[in-house]
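One structure below.
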Amino acid sequence: MDAPSHPTVPHRIGDLVYRDATAADTDALVALIESAYRGDSSRTGWTTEADILEGQRTDARGVLEVIESPGSRLLAVERDGKLIACCQLEHRGDAAYFGMFAVLPGAQGSGLGKQVMAAAERIAGETWGVREMHMTVITVREELIAWYERRGYRRTGKLFPFPYGDERFGIPQRADLEFELLVKSLG
């Protein structure tokens, strides 16, 4: 695979270190993402999808694709050398896509997510000069959407189907799942 086309120098902001994930981080990142969204461990935090989706949230292949894809980066966020959060940034023209966002369940509700999101927006703006950040959220996740709205994201009404039948994204426990595009101006 080609090397990422972006700098990999870690950035320290307060007590957090932001760095580009590498292939060596894959297993730890999968474990973090799964712990934040699936299974009993995810119920410790508030971002769980365990009531609407079973099975996996991601896998090693999906994480590696983000790490190795040109125009994409997976930020690993560490405190005291321990992985506590991550997020995907992908360059898409005038916008960046924000995804694969996970915060260690025991650290949720502490303001860490807000810090990581603000840093990701700043990094995307500085790296690619983008004017907007985009993300998609499952529409039944009203509490999560409200949290993003408090961070300046707006609902667009643009909907995308959930990939029913593709267990790489989980096993739906409801028939009404779909994604909505949320957008935030960075300028």
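We use all heavy atoms of the structure for the numbers below, so side chains are in, but hydrogens, waters and symmetry mates are not.
Within the 4.5 Å cutoff, the side chain of Leu16 has heavy atoms near those of the Ile84 side chain. Residues Asp94 and Glu132 fail the side-chain proximity criterion, which asks for heavy atoms closer than 4.5 Å. Side-chain atoms of Leu182 and Arg155, non-hydrogen and from C-beta on, do get closer than 4.5 Å to each other. Here the side chains of Ile33 and Met100 are in contact, with some heavy-atom distance below 4.5 Å. Looking at Tyr18 and Arg122, their side chains never come closer than 4.5 Å, going by heavy atoms from C-beta outward. A 4.5 Å side-chain heavy-atom check between Trp128 and Leu89 finds at least one atom pair inside the cut-off. With a 4.5 Å cut-off on side-chain heavy atoms, Glu34 and Thr58 count as touching. When side chains are defined from C-beta on, Arg73 counts as touching Ile123, because their heavy atoms get closer than 4.5 Å.
Shown here for Glu180 and Gly157, the closest heavy-atom pair between the two residues is OE2-N, 2.8 Å. Annotation for Phe101 and Cys87: closest pair CD1-CB, 4.0 Å, computed over non-hydrogen atoms. Nearest heavy atom pair, residue Ile13 against residue Ala119, reads CD1-CB, 4.0 Å. Ala120 and Met133 make their closest contact through O-CE, 3.9 Å (heavy atoms, listed as atom of the first residue, atom of the second, distance). Of all heavy-atom pairs between Pro163 and Phe179, the closest is CD-CE1, 3.8 Å. Taking every heavy atom of both residues into account, Gln88 and Leu74 meet most closely at N-CD1, 3.7 Å.
Within the model, atoms OG1 of Thr26 and CG of Leu64 stand 3.5 Å from one another, a figure rounded to the nearest 0.5 Å. Distance check, rounded to the nearest 0.5 Å: CE of Met117 to OH of Tyr153 gives 4.5 Å. How far NE2 of His134 is from NZ of Lys158: 9.0 Å, rounded to the nearest 0.5 Å.
Relative orientation of the Tyr148 and Phe98 rings is perpendicular, given thresholds of 30° and 60° on the angle between their planes.
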(message) Checking Arg141 against Glu149 for the salt bridge (charged side-chain N to carboxylate O under 4.0 Å, His left out) test, could you report, in this order, the C-alpha distance in whole Å, the side-chain angles of both residues, the deciding distance, and whether it holds?
(response) CA-CA 12 Å; Arg141 305 283 321 276; Glu149 288 178 313; over 6 Å; no

(request) Test Arg79 against Leu104 for side chain to side chain contact (heavy atoms under 4.5 Å, CB included), laying out the working first. (result) CA-CA 11 Å; Arg79 178 182 285 143; Leu104 196 65; over 6 Å; no

(message) Does Lys184 form a side chain to side chain contact (heavy atoms under 4.5 Å, CB included) with Glu121? I'd like the steps, not just the answer.
(response) CA-CA 9 Å; Lys184 179 179 181 176; Glu121 291 166 354; 3.0 Å; yes

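More than 12 heavy-atom neighbours from other residues, nucleotides or ligands sit within 6.0 angstrom of CG on Asp166. For Arg131, the CZ atom counts as loosely surrounded, since its 6.0 Å shell holds 12 or fewer non-hydrogen atoms of other residues, nucleotides or ligands.
Leu83 and Val66 fall within the same hydrophobic cluster, where Ile, Leu, Val, Met, Phe, Trp and Tyr residues are linked whenever their side-chain heavy atoms come under 4.5 Å apart, directly or through other members. Connection of Leu112 to Leu32 is established within a shared hydrophobic cluster, with ILVMFWY side chains joined at heavy-atom distances below 4.5 Å, either directly or through further cluster members. Grouping the Ile, Leu, Val, Met, Phe, Trp and Tyr side chains by contacts below 4.5 angstrom, directly or via other members, places Leu75 with Ile67. Note on Ile145: it does not cluster hydrophobically with Leu159, by side-chain heavy-atom contacts below 4.5 Å among ILVMFWY residues. The hydrophobic cluster containing Tyr97 does not contain Leu144, counting ILVMFWY residues as joined when their side-chain heavy atoms lie under 4.5 angstrom apart, directly or transitively.
With hydrogens and angles disregarded, a donor-acceptor distance shorter than 3.5 Å links the side chain of Asp59 to the backbone of Arg61. Judged by distance alone, the side chain of Thr156 and the main-chain N or O of Leu181 form a donor-acceptor pair under 3.5 Å.
Using a 4.0 Å cut-off between a side-chain N of Lys or Arg and a carboxylate O of Asp or Glu, Asp176 and Arg174 qualify as a salt bridge.
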